[in-house]
Amino acid sequence: MERKYWQEEMETASRETLDKLQLERLQKSVKRTYENVPMYRERMDAAGVKPEDIKTLDDIRKLPFTCKQDLRDTYPYGMFAAPMKDVVRIHASSGTTGKQIVVGYTKNDLEAWDNIVARQLIAAGLTDEDKVQVAYGYGLFTGGLGLHGGASLLGSTVIPISSGNTARQVALMKDLEATALACTPSYALFLAESIAEAGLKPEDLKLRAGIFGAEPWTEGMRKQIEAGLGIKAYDIYGLTEVMGPGVAYECSEQKGMHVNEDHFIIEILDPDTLEPVPDGCQGEIVFTSLTKEAFPVMRYRTRDIGSVTHEPCACGRTFVRMSKPQGRTDDMLIIRGVNVFPSQIEEVLIKLGYTPNYQIVVDRVNNLDTFEVKVELSESMFEGSVGDLSRREREIGEGMRSTLGISPKITLVNPHSIERSIGKAKRVIDNRKLHD
Ligand code: ADP
Ligand code: ZN
């Protein structure tokens, strides 16, 4: 049966109710964390803050920040706030940006997580009659088991195929009549391509919705995935340190992702001054957990850049919406003094009719940064004349210069020559690090 909300009372609560709930939960969580995690207690003591000092939601600003390095320094269990006998699951970050970190969950934590993922699935129009192919990686990565838990709670039929083995993935999608797909957007695009190569059309499949996240993706990429798979594609956001996928979820309006505010407080801060920025302005996304027992976090600096809006949403949900993060500050390249996000390059390429199969290569030669973008041609583009190809190079180069303010060297490469990703795509090869 189709439902509009999974937990309607919470998802549509008034601001007043939410504020009250958040304050109660924040006070309780800060007290528990202070009592159980030495790192937080030391930091709060050093700042002269006691749990009783949290009297309003604004008092969150008295709390210390947490960053990824803190998780590394306390590896593996130093930041756990529950006794190990109550910890029933461990996950680890996928290690995209350095040494692994681990986090833990109690039974209550897993229940909360399953519920927030179920909220996403309902928001994407799924029901207990859907068959959800979970093609995120299973294991320590939060994607697979995160979506698995939410889809199970919803009562849909889970196909726990994990990522990879793409030919089998396509065959099973067809044979088992999967109606929904959950994976990274880059893997969704790879699957769409593989489906076409298998001689299938979207109509030959029963897919109708996709839940994609764990990496940045542009609106242009969304359209290509939707066309290639014949579905509506939804964005889901999350990170291991805070919970996993489902921290924020997209509704049918698709104008930003609702943050599950009964479990997390979001702040958008100027990354330099760490002062809040107004609604609609970009800044660093910072989360504080409100209900987590095993691994609570205070003001976790995600290094993701985004904004929030408190404008009401036509879907009826009252949770604030965050913008699609443009990328992490770690992903931002500084090339000859200019800030460049891979997503900006993707936008230019998609606008000009290319697929998001590209690679950025940065190096340093004679103290000068070199900047190359490899762009993959489709079969039909590849058949064009030499003149066509140089026109393409020029056109892409100009598009990049006007968007980025800096011109990369454009190298057109053969169809299928850029490696496809079954998880998070690796778009940037920065060889400058080798020389540092
Ligand atoms: P790792 O840090 O090793 O990559 P995670 O799986 O925890 O491991 O990654 C979380 C990060 O992935 C987020 O901080 C964010 O940068 C990115 N991310 C997750 N979901 C999205 C999304 N929907 N859009 C853009 N970026 C996302
Ligand atoms: Zn909405």
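In this chain, numbering begins with 1 at the start of the sequence shown. Note that ligands are numbered from 1 as they come in the structure, with each ligand's atoms numbered from 1 the same way.
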- Centroid-centroid distance, Tyr105 to His91, less than 6.0 Å: yes
- Message: I'd like to know if Asp235 contacts ligand 1, where contact means a heavy-atom distance under 4.0 Å to any ligand atom.
- Response: yes
- Using 30° and 60° as the class limits, which term best fits the ring planes of Phe287 and Tyr237: parallel, tilted or perpendicular? tilted
- Query: Arg328 to ligand 1: N or O pair under 3.5 Å?
  - Reply: yes
- Item | Electrostatic pair Glu24-Lys20, nearest N-O below 4.0 angstrom | yes
- Task: Take every heavy atom of Lys424, measure it against each atom of ligand 1, and state whether any distance is under 4.0 Å.
- Result: yes
- Item | Check ion pair Arg364-Asp369 (N to O, under 4.0 angstrom) | yes
- Would you indicate which of Lys68, Met257, Glu215 comes nearest to atom 24 (N) of ligand 1 when only heavy atoms are counted? Glu215
- Query: Which one of Thr184, Ile101, Ile236 has a non-hydrogen atom at the shortest distance from atom 23 (N) of ligand 1?
  - Reply: Ile236
- Query: Hey, are Lys107 and Glu293 close enough for a salt bridge, meaning a charged N less than 4.0 Å from a carboxylate O?
  - Reply: no
- Message: I need the full list of salt bridge (Lys or Arg N to Asp or Glu O under 4.0 Å) pairs touching residues 207-222, with sequence neighbours left out, sorted by first then second residue.
- Response: Asp130-Arg208, Glu219-Arg222, Arg222-Glu250
- Note on the structure: Here the atoms of ligand 1 under 4.0 Å from any heavy atom belonging to Ser93 are 3 (O), 8 (O)
- Query: Quick one: does Leu239 get an N or O within less than 3.5 Å of an N or O on ligand 1?
  - Reply: no
